[in-house]
Amino acid sequence: MNILLVASAFNSLSQRVYVELSDEGHRVDVVLATHGAEPVRAAVRELGPDLIVAPMLKTALPEDVWRGHTCLIVHPGPPGDRGPSSLDWAIAGEAAHWGVTVLQAEAAMDAGDIWASEPFPVPAVGKSDLYRNEASDAAVAAVLLAVRRYADASYKPRPQTGDAGDGPVIVWRDFFRQDRRRVDWDHDSTATVLRKLRGADSQPGVLDEILGHEVFLHGGHPEDELRGRPGELLATRAGAVCRATRDGAVWIPELRPRKNSGDPAPFRRPAASVLAPLGAQLPDAPVPFELPADRRTWSDVRYRRRGDVGFLTFSFPGGAMSTDQCRRLLAAYQHALADPTWVLVLGPERDFFSNGIHLNVIEAAADPAEESWANINAMDDLAEAVLRTTDRLVVAALGGNAAAGGAMLALAADQVWCRGGAVLNPHYRRMGLYGSEFWTYTLPRRVGTDTAHRLTTEALPLSTASAARIGLVDRIVRTGPGEFAAETERLAAELAAAPDLAQRIAAKAAARRADEAVRPLAECRREELARMHAIFFDPEAPYHALRSAFVRKKPAASTRPLAPLDGADR
């Protein structure tokens, strides 16, 4: 079928629905609803879709569109749930299970007939993590079922109410406002504080006051040792700040100044960097890379060993990796190399692997060009360390999405294992960049020169299945998000026990020597960085405007995110 996706943003869910429907053989296009109704109408007139699907929509579809075409709305709530803040209510209410419902569009919000629904578990993770993983899995399953039912033409969607009274119970949930999110530091328990923080970790944040300034808090993790007066700032670690609760403490990785605060960078950043200009002087509370299993504290980089396998885990908000984060991860990687293992697994236990350089930190820097340059060099240092590891096999374990330099960082490993359902964007063009991380070596090595050129010029998302078909991914790990880490550990133990492992490591080392003789890594890095340097230090380069618009969440200039790109950034 010819399917048009209408979305408020081409976000993780919109991209996943796009790639999954494309894999099913449908012709899929996308239009953004951020510029009003007319671009949506124009796309409908131009494409004449058989079906319209709205995977993520913050505004209503034009009435003439939903009256003239079958339009399916993806609602992140179970049947009968209505309202704009469904996941927020699920987390606030400590729901053990929730659901996604695919509804037919009509005049009243979320009131249309039900084409499909799918339940999912609600683990104690941030809302954005839940949205990208358990909710996304359920949404795709429900969309694919709804599309099959529509194509069959014999299925009759189920009304939410009916004369027989057999429809789902209707529950309207209002917009989840800041007054419900506010933390009462004197009275809220640590568990309550964490639930509030996790319920707004990406958007909209929890509005609070620190050092006399209103800021939004983003993300929250427990602390088991530090203590203080409720609300007191206790320490920093890796850019995060620790704050006391009435019965413990929590780590808050990021803060966002209010837009009217006078801060020139009113977007999410490492918490310590936001507080530094306000005069915050907090002690550093470092922890080693290897922590006891019973420690309940936050660290964004950890190492552990199980038998002959080392596991280097990391988790950076939004998948972005700043200069500092890259350097700390490199230090942890070098620590892992000092441990005599046969296999080293690199990646988070769930959610984002990496999206490359940290655009928010760069945008906030006094000199964004210099910070861009430092960040890409730190990314290259990390990728080069992985590429030059010849005494063991390195596995990049992608429990979630990866893009740009983060996707290329994964390709530096010997094997790439990816959870089914993750979305990959192995390209840089939509940010106006040429790219580095040794992609001109690793990408053609895996998929061939022609496919590498197509991937980096078309700049389209890939499903895990499509990535595996072209050789970008070696193994699809078909588990739920919560089971990925355990299954990866099992598979890594099998790899470490393989009888031919020593020969495979020797063959890897020989191949690296042969490749080095043909084109040294230093030459590859120099050529890529020369292109990146020219972009970073050219004030007229599109990268600067694209970065600023992305960080400051300005509406996309084009309403058609899959439109071919011109050659200005190549």
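What you see is a predicted model, and the numbers here were worked out from it, not measured in a lab.
- Under 3.5 Å, the side chains of Arg469 and Ser466 contain a donor-acceptor pair of N or O atoms.
- Judged by distance alone, the side chain of Asp263 and the main-chain N or O of Arg258 form no donor-acceptor pair under 3.5 Å.
- With hydrogens and angles left out, the side-chain atoms of Thr70 and Gln104 include no donor and acceptor closer than 3.5 Å.
- Defined by atom type and a distance below 3.5 Å, a donor-acceptor pair is present between the side-chain atoms of Tyr543 and Ser372.
- A donor-acceptor pair shorter than 3.5 Å can be found between the side chains of Arg16 and Ser136.
- A cation-pi geometry, defined here as NZ or CZ lying under 6.0 Å from the six-membered ring centre and within 45° of its normal, holds between Arg256 and Phe216.
- Using a distance-only test at 3.5 Å, with no hydrogens or angles considered, no donor-acceptor pair links the side chain of Asn425 to the main chain of His427.
- Inspection of the Ser14 and Asn11 side chains reveals an N or O donor paired with an N or O acceptor under 3.5 Å.
- Residues Gln203 and Tyr131 have side chains that never bring a donor and an acceptor to within less than 3.5 angstrom of each other.
- A distance of 6.0 Å or more separates the ring centres of Phe316 and Phe352.
- Using a cutoff of 4.0 Å between basic side-chain nitrogens and carboxylate oxygens, Glu134 and Arg350 are scored as salt-bridged.
- Panel note: side chain Ser273, backbone Pro270; a donor-acceptor pair is recorded below 3.5 Å.
- At a cut-off of 3.5 Å, with distance as the only test, no side-chain donor of Asp81 or Thr101 sits close to an acceptor on the other residue.
- No side-chain N or O of Trp115 forms a donor-acceptor pair with one of Asp113 less than 3.5 Å apart.
- Taking the six-membered ring for Trp and thresholds of 30 and 60 degrees, Phe353 and Phe314 have ring planes more than 60 degrees apart, a perpendicular arrangement.
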